[in-house]
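See structure below.
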Amino acid sequence: MTSTVDTAAADASRSTPPSGLIAVARAPGWVRYALLAVGLAVAAWLPNGLYPAVAVDILCWALFAVAVDLLLGFTGLMSFGHAAFWGTSAYVTGLVAIHAGLPFPLAVLAGALAAAVLAVPIGYLAVKRTGIYFAMVTLAFAQMVYYVANEWRSVTQGENGLQGVPRSFFGLDLTDDYFFYYAILPIVLLGLAAAWRIVHSPFGRVLVGIRDNPARARALGYPVHRYKLTAFVLSGFIAGLGGGLFAVGHRFVSLDVLHWTTSGKAVIVVVLGGIGTLWGGVLGAGIVVRLEDWLSFSGFEAIGLVTGGIFVLVVVLFRRGIWGSVAALAHRLTARRR
């Protein structure tokens, strides 16, 4: 028997064009396994083809982008304040690692949990709004967190930031970014797998139904605000994982991790890769981080001008983003052959 959740999800998929995620899900099994193998191979090779520190940043921003896409692409909520969770986790991770001396995975977990806890009150107030009002509420709360971090100098060190965040891991030497990359890779893969499982669960189907038709989801008996709040908290937790790893990777935490431009950059990464594709955020993170690194080393100072121009170009020419456009093209070619 077909459940009401499946019925709502089916109606939603008929009313909207297939996203990159749906196109991949409909592909033959060998195609999905081949894409997974290619992705794992690229992840394993990355620090050998790029500067290891850049590879570490790509992993962290990939988690951040997937967290934002979980909220934007699958729940329909545009957040301009996710830097609050990314930055809160970075500070908590740094403080735990410095003062408690715990192995960095435990410190990162503590930071992610702190981000999730912070997401509860913010999300509770924000999810009652929609559209631009939701975006502005999240931005306002993020700026409040930024102000607290700037003024609470006895804890955060203010503009000086937290310095010397250790990378302790049961006596192993992880000072080299190359080895640190492979140490955090399993954590990142677990975070991505969790996001994938959320999207492919009945809970994820309800989120898509709420995104496309919240009135109908409410009529079917689903507590819309509660589902949105849960998605908000899960998104904050995954963003916190990325922020904690970013703090340990850089061994320094500054106020920049809480600035509104950090939230804006995450949104750009998601739009570039493809909203509602999940893996598009990973691709977008790789492109943006690598491009910024290349421009900075070439001496070009107006990096934001280039990334902004690319953002406009993608919005105009590839409205589904890079991953979404490629997946949709592959879906059309497959449909023609059938």
Side-chain angles (χ1 to χ4, degrees), residues 32-67 69 86 89-98 100-113 115 162-197 237-253 257 266 269 273 278-294 296-297 323:
R32 297 197 298 270
Y33 286 119
L35 289 174
L36 177 61
V38 170
L40 292 176
V42 171
W45 164 84
L46 200 59
N48 297 285
L50 298 177
Y51 188 55
V54 177
V56 170
D57 278 357
I58 289 175
L59 290 186
C60 298
W61 277 96
L63 271 180
F64 195 14
V66 167
D69 195 27
W86 165 273
S89 177
Y91 272 103
V92 172
T93 298
L95 290 171
V96 170
I98 292 172
L102 295 178
F104 83 85
L106 295 180
V108 170
L109 179 60
L113 290 175
L162 299 178
Q163 303 180 21
V165 178
R167 295 179 178 178
S168 59
F169 187 63
F170 303 108
L172 295 179
D173 183 12
L174 297 177
T175 53
D176 192 327
D177 290 328
Y178 182 85
F179 298 110
F180 180 70
Y181 174 90
Y182 290 106
I184 70 171
L185 182 58
I187 300 176
V188 174
L189 293 178
L190 285 175
L192 296 178
W196 182 89
R197 189 68 190 91
F237 178 83
I238 296 175
L241 281 180
L245 293 174
F246 187 82
V248 180
H250 283 253
R251 288 173 285 189
F252 174 74
V253 183
V257 297
V269 168
L278 206 63
W279 308 126
V282 179
L283 177 62
I287 294 174
V288 171
V289 173
R290 182 66 184 94
L291 179 62
E292 289 182 343
D293 176 71
W294 179 74
S296 63
F297 271 96
W323 179 279

*Do the charged groups of Arg167 and Asp177 touch, with an N to O distance under 4.0 Å?*
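Yes, this pair counts.
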_Over all atoms of both residues, closest heavy-atom pair of Ala183 and Leu174_ =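 Looks like CB-CD1, 4.0 Å.
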*Determine the minimum heavy-atom distance between Val66 and Ala195, stating which atoms define it.*
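Closest heavy-atom pair between Val66 and Ala195: CG1-CB, 3.4 Å.
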*When rounded to the nearest 0.5 angstrom, what distance separates CZ in Phe237 from CG in Leu113?*
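Nearest 0.5 Å value for the CZ-CG distance: 5.5 Å.
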*CG/Leu241 to CG/Leu109 distance, rounded to the nearest 0.5 angstrom?*
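Taking CG in Leu241 and CG in Leu109, the distance rounds to 7.5 Å.
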Please check: side-chain N/O of [X] versus main-chain N/O of [Y], any donor-acceptor pairing under 3.5 Å?
X: Ser296; Y: Asp293; answer: yes
X: Ser168; Y: Leu102; answer: yes
X: Tyr182; Y: Ala44; answer: yes

Any side-chain heavy-atom pair from [X] and [Y] closer than 4.5 angstrom?
X: Ile184; Y: Val248; answer: no
X: Leu40; Y: Leu189; answer: yes
X: Leu59; Y: Leu245; answer: no

*Under 6.0 Å between ring centres, would you say that holds for Phe104 and Phe180?*
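Ring-ring flag for Phe104/Phe180: true, centres closer than 6.0 Å.
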*Take the angle between the ring planes of Phe246 and Trp61 and call it parallel below 30°, perpendicular above 60°, tilted in between.*
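Perpendicular, since the angle between the ring planes exceeds 60°.
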